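See structure below.
Everything quoted here is computed from the prediction, not taken from an experiment. Just so you know, ligand 1 is whichever comes first in the structure, and atom 1 is the first atom listed for that ligand. Residue numbers run from 1 in the order of the sequence given.
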Amino acid sequence: MLETKINGVNFSSCLMNASGARCETYDELIELGKSKSSAIVSKSSTLEFRNGNEFPRYKKLPFGSINSMGIPNLGYKKYIEFASELKKNGKPYIVSVSGLSESDNIKIIKEINSISDIDFIELNLSCPNIIGKPQVGYDFIQTKILLEKTFEFNKKKLGVKLPPYFDFVHFEEVAKILNQFPLSFVTCINSIGNGLFVDIESESVVIKPKGGFGGIGGKYVKPTALANVRKFFELLNKNIAIIGVGGIETGIDVFEFLLCGASAVQIGTTFVEEGAKCFERIENELREILKQKNYKTIDDVIGKLKLI
Ligand code: RRO
């Protein structure tokens, strides 16, 4: 009932973790393997190990979260090394790549191309938290050049993780670029970059890096995430699947993303706060709402949002 397929690869359900949430260490990835997440998505990886930004760098907020992690990760070689063990779970293994430069991205993607136990690359074009580095996805020329260089050699199934867009002209410009490449999927959205939360009691910011500015996730971003999924569903070639992320807490939230055109969804803030049991709970809630509405499979729901 909840199975989905992305570029010929079967997923036992449409629910998986979002990159960044509890997926940095070997133990966290093994736990994802044992959970009901239908895939294992790694933390965004860079050429070398990174400690990330200063603490505190993540804070739960009343309706979501703010983070400025700064890509703490083990370095891409470790996520390659873990692949054969992680594949024993039989789930797709998706390695997120967020090189600090175009040449870093190309080098990492080249190496992953020869690793058969990695099913997909999720190329992150949207990390908002590296000081002095703009989000690649907001620079359309740089995005196009990176994808051109990647697909000169890339044979691995590859998707891109996008920042949120807010303007119809920007959606059209980005979609025109993405449609030129054999992408397996787009994941939208990454956190809304450079939000600010104020703690009234201490009269201060709540995270240390970048003067308190950080990526906003959770309920705050759900309408923006749904809008991005919907717009890209309208504009992208039908062979590019859409993975929705942003503020999913319940099965009803997933149902909304499916209606807007997502073939799968990823869970970030809720997974951080609730742990791996969230996948089973949300799966059960989704099954319940599909039953109530007499849907047999999620394919009957995907993209069927009605206009009034
Ligand atoms: O590590 C981070 O600071 C981070 C990344 Br790579 C990302 O893509 N999105 C985010 O909210 N934080």
Side-chain angles (χ1 to χ4, degrees), residues 16-25 28-29 41-61 63-76 78-79 94-101 104-105 108-109 120-139 142-143 146 158-165 185-197 205-222 224-225 228 243-248 266-273:
M16 68 187 89
N17 70 297
S19 177
R22 295 180 186 249
C23 57
E24 183 186 333
T25 65
E28 286 171 333
L29 294 164
V41 187
S42 82
K43 172 68 187 168
S44 284
S45 55
T46 52
L47 212 48
E48 307 293 343
F49 167 90
R50 282 175 64 84
N51 267 322
N53 293 342
E54 286 176 289
F55 287 83
R57 58 193 189 183
Y58 172 90
K59 175 97 173 135
K60 182 179 168 8
L61 302 178
F63 302 104
S65 62
I66 185 167
N67 89 82
S68 183
M69 305 300 289
I71 331 186
N73 78 99
L74 304 175
Y76 79 99
K78 286 285 175 197
Y79 300 105
I94 303 174
V95 172
S96 171
V97 173
S98 193
L100 299 179
S101 66
D104 284 8
N105 278 319
I108 299 170
I109 294 167
F120 293 94
I121 294 167
E122 183 179 79
L123 176 59
N124 185 359
L125 302 179
S126 46
C127 175
N129 299 329
I130 300 300
I131 295 151
K133 297 238 180 224
Q135 287 157 269
V136 176
Y138 287 141
D139 182 334
Q142 209 190 333
T143 296
L146 175 58
L158 182 145
V160 288
K161 174 115 170 233
L162 298 175
Y165 299 99
F185 61 86
V186 300
T187 306
C188 46
I189 57 173
N190 208 319
S191 57
I192 298 187
N194 298 309
L196 191 63
F197 190 80
V205 300
V206 297
I207 55 172
K208 192 170 173 68
K210 288 179 75 177
F213 289 79
I216 306 293
K219 272 277 175 277
Y220 299 105
V221 313
K222 197 179 90 172
T224 301
N228 275 255
I243 304 179
V245 205
I248 294 172
Q266 296 179 341
I267 321 280
T269 302
T270 297
F271 175 39
V272 170
E273 295 302 327

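- Within the structure, the closest approach of S98 to ligand 1 does not fall below 4.0 Å when heavy atoms are considered.
- For K43, the closest heavy-atom approach to ligand 1 falls below 4.0 Å.
- Close N/O approach between M69 and ligand 1 is found [any backbone or side-chain N/O within under 3.5 Å].
- Side chain of R22 to main chain of F271: a donor-acceptor pair is present (N/O by atom type, distance under 3.5 Å, no hydrogens or angles).
- One N or O on the side chain of Y79 and one on the backbone of E24 form a donor-acceptor pair closer than 3.5 Å.
- By the 6.0 Å contact criterion, CZ on F213 is open, its count of non-hydrogen atoms from other residues, nucleotides or ligands being 12 or less.
- Some N or O of I71 is nearer than 3.5 Å to an N or O of ligand 1, by distance alone.
- Looking at N17, its side chain does come within 3.5 Å of a backbone N or O of V41 through a donor-acceptor pair.
- Side-chain atoms of N73 and T46 include a donor-acceptor pair closer than 3.5 Å.
- In this structure, atom 9 (N) of ligand 1 lies nearest to the protein heavy atom N190 OD1, 2.8 Å.
- A distance of 9.0 Å separates CD of Q135 from CG of N124, quoted to the nearest 0.5 Å.
- The shortest N/O to N/O separation between G70 and ligand 1 falls below 3.5 Å.
- The shortest N/O to N/O separation between N124 and ligand 1 falls below 3.5 Å.
- In this structure, S191 counts as a contact residue of ligand 1, since one of its heavy atoms falls inside 4.0 Å of the ligand.
- Protein heavy atom at the shortest distance from atom 12 (N) of ligand 1 is N67 OD1, 3.0 Å.
- Contact between G20 and ligand 1 is absent, with no heavy atom of the residue lying under 4.0 Å from the ligand.
- Y220 contributes a side-chain N or O that, together with a main-chain N or O of F63, makes up a donor-acceptor pair within less than 3.5 Å.
- Looking from atom 6 (Br) of ligand 1 to the surrounding protein, the closest heavy atom is C127 SG, 3.4 Å.
- Of the N and O atoms on the side chains of E122 and T187, at least one donor lies less than 3.5 Å from an acceptor on the other residue.
- For atom 4 (C) of ligand 1, the nearest non-hydrogen atom from the set N129, T46, I192 comes from N129.
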